[in-house]
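For reference, the structure discussed in these notes is given below.
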Amino acid sequence: MGISHIFKFMLVLAMASQAFAEDMNVQTLSEGACWLESGDMVKVASFNDKESALLSRDEIEMQVEGLLGGKKNKAITSDLTLHCGGYGSSLVIKSEMDGKPICLWVKFNKGRLALRSLGGLENSKGDVCDGYKWGELIIGIKTPEQKALLESEHFHGMVKAVSVVSGTTLKITLDKSYDGREMDAMAELKKQMELRYIELNLFQHPVGEAAAIK
């Protein structure tokens, strides 16, 4: 580790120590890789990516609204989770955009929030969602004829494109009219075809430990 990296790490540690000094009600995640203290202010120190942040709920809302395109998309900061692992840390936020439920992952970048992933909100257990990619499905077919059928005029207006992920696993790109209606497309495909499986195309995030921010 070079001198500059050591200096940055020591700076983050000093900032974190100062931020947490007044209140020792601190949670640690991933064997101490992250520190968290929440209340009126959310205090985070993430040592693996050498980031620290001290943000109020209002500041988080304002920054998330900016990432979502403005105040018409108001952040719901009552549903925040800190995710921490070897990669660093993320805030995971369940909110809404244009009236649709969303799953948002953001990282800390010099004390501010930056986008990691943004997608639809799947039916997730617990506090952490992954989010799914709008307008896409992953399916497992039983025969080559099923791929040909999906590419035919029969599904025109629903299926825009079909690509092979591997073997008999396909990615379906849906027509724009199905953005936010992926579950409707899944139900229709299940009705018309006997597939091995069909599922939302979830974002893949690193493994780690999570804690709800109260």
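Reckoned from all heavy atoms, side chains included, excluding hydrogens, waters and symmetry mates. For this chain, numbers begin at 1 and follow the sequence in order.
- For the atom pair OG of Ser46 and NZ of Lys107, the computed distance is 12.0 Å after rounding to the nearest 0.5 Å.
- Summarising the geometry, atom OG belonging to Ser166 is positioned 13.0 Å from atom NZ belonging to Lys171; distances are rounded to the nearest 0.5 Å.
- Atom CG of Leu200 sits about 6.5 Å away from atom CG of Leu137, to the nearest 0.5 Å.
- Counting non-hydrogen atoms of neighbouring residues, nucleotides and ligands closer than 6.0 angstrom, the CE atom of Met41 exceeds 12 such neighbours.
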What donor-acceptor contacts under 3.5 angstrom involve side-chain atoms of residues 184-193, with partners at least two apart or in another chain?
residue : atom : partner : partner atom : Å
Asp184  : OD2  : Arg181  : NE           : 3.2
Glu188  : OE2  : Gln192  : NE2          : 2.6
Gln192  : OE1  : His154  : NE2          : 2.5

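- To the nearest 0.5 Å, the span separating OG1 on Thr81 from CG on Leu36 amounts to 10.0 Å.
- Nearest approach of Asp49 to Arg116, heavy atoms of both residues: OD2-NH2, 4.4 Å.
- Contact check for Met158 versus Leu174: side-chain heavy atoms found under the 4.5 Å cut-off.
- Between Glu151 and Lys147 there is a salt bridge, since a side-chain N of the basic residue sits under 4.0 Å from a carboxylate O of the acidic one.
- Contact annotation: the side chain of Leu195 approaches that of Ile141 to within less than 4.5 Å [non-hydrogen atoms, C-beta and beyond].
- Side-chain contact check for Val92 versus Trp105: some heavy-atom pair is nearer than 4.5 Å.
- In terms of heavy-atom proximity, Leu80 sits nearest to Arg57 at CD1-NH1, 3.6 Å.
- Between Gly32 and Phe47, the shortest heavy-atom contact is O-CD1, 3.5 Å.
- Ser177 and Asp175 are linked by a side-chain donor-acceptor pair at a separation below 3.5 angstrom, with hydrogens and angles left out of the test.
- Under the 4.5 Å side-chain heavy-atom criterion for grouping Ile, Leu, Val, Met, Phe, Trp and Tyr, Phe155 is not connected to Ile138 through any hydrophobic cluster.
- Under the 4.5 Å side-chain criterion, counting only non-hydrogen atoms from C-beta, Ile139 is in contact with Leu150.
- Leu115 and Ile60 fall within the same hydrophobic cluster, defined by Ile, Leu, Val, Met, Phe, Trp and Tyr side-chain heavy atoms under 4.5 Å apart, directly or through other members.
- The local environment of CZ in Arg112 is sparse, with at most 12 non-hydrogen atoms from other residues, nucleotides or ligands closer than 6.0 Å.
- Here the side chains of Trp35 and Val44 are not in contact, with every heavy-atom distance at 4.5 Å or above.
- Follow the hydrophobic side-chain contacts under 4.5 Å out from Met183 and you reach Tyr178 in the same cluster.
- Pairing each heavy atom of Ala33 with each of Asn48, the nearest pair is CB-ND2, 3.6 Å.
- Side chains of Ser117 and His205: a donor on one and an acceptor on the other come within 3.5 Å.
- Closest of all the heavy-atom pairs between Glu96 and Leu68 is O-CD1, 3.8 Å.
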Query raised in the report: For Ile213 and Leu91, what are the C-alpha separation, side-chain angles and deciding distance, and is it a side-chain contact (heavy atoms from CB on, under 4.5 Å)?
Result: CA-CA 9 Å; Ile213 299 177; Leu91 277 184; 3.4 Å; yes
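- The two residues Ser89 and Leu82 make their nearest non-hydrogen contact at CB-CD1, 4.2 Å.
- Leu113 is not listed as a side-chain neighbour of Glu59, based on a closest heavy-atom distance of 4.5 Å or more.
- The cluster map of Ile, Leu, Val, Met, Phe, Trp and Tyr, joined by side-chain heavy atoms under 4.5 Å apart, puts Phe108 and Val128 in different clusters.
- A 4.5 Å side-chain heavy-atom check between Thr173 and Ser163 finds every atom pair outside the cut-off.
- Of the candidates Leu121, Asn123, Leu202, Leu121 is the only one forming a side-chain contact (heavy atoms from CB on, under 4.5 Å) with Cys129.
- One finds the CD atom of Glu31 at 8.5 Å from the CD atom of Glu209 (value rounded to the nearest 0.5 Å).
- For the pair Leu118 and Met97, the minimum side-chain heavy-atom distance is below 4.5 Å.
- Cluster membership for Trp134 and Leu67, using ILVMFWY side-chain heavy atoms within less than 4.5 angstrom, is shared.
- Distance CG/Leu54 to CD/Glu37: 9.5 Å, rounded to 0.5 Å.
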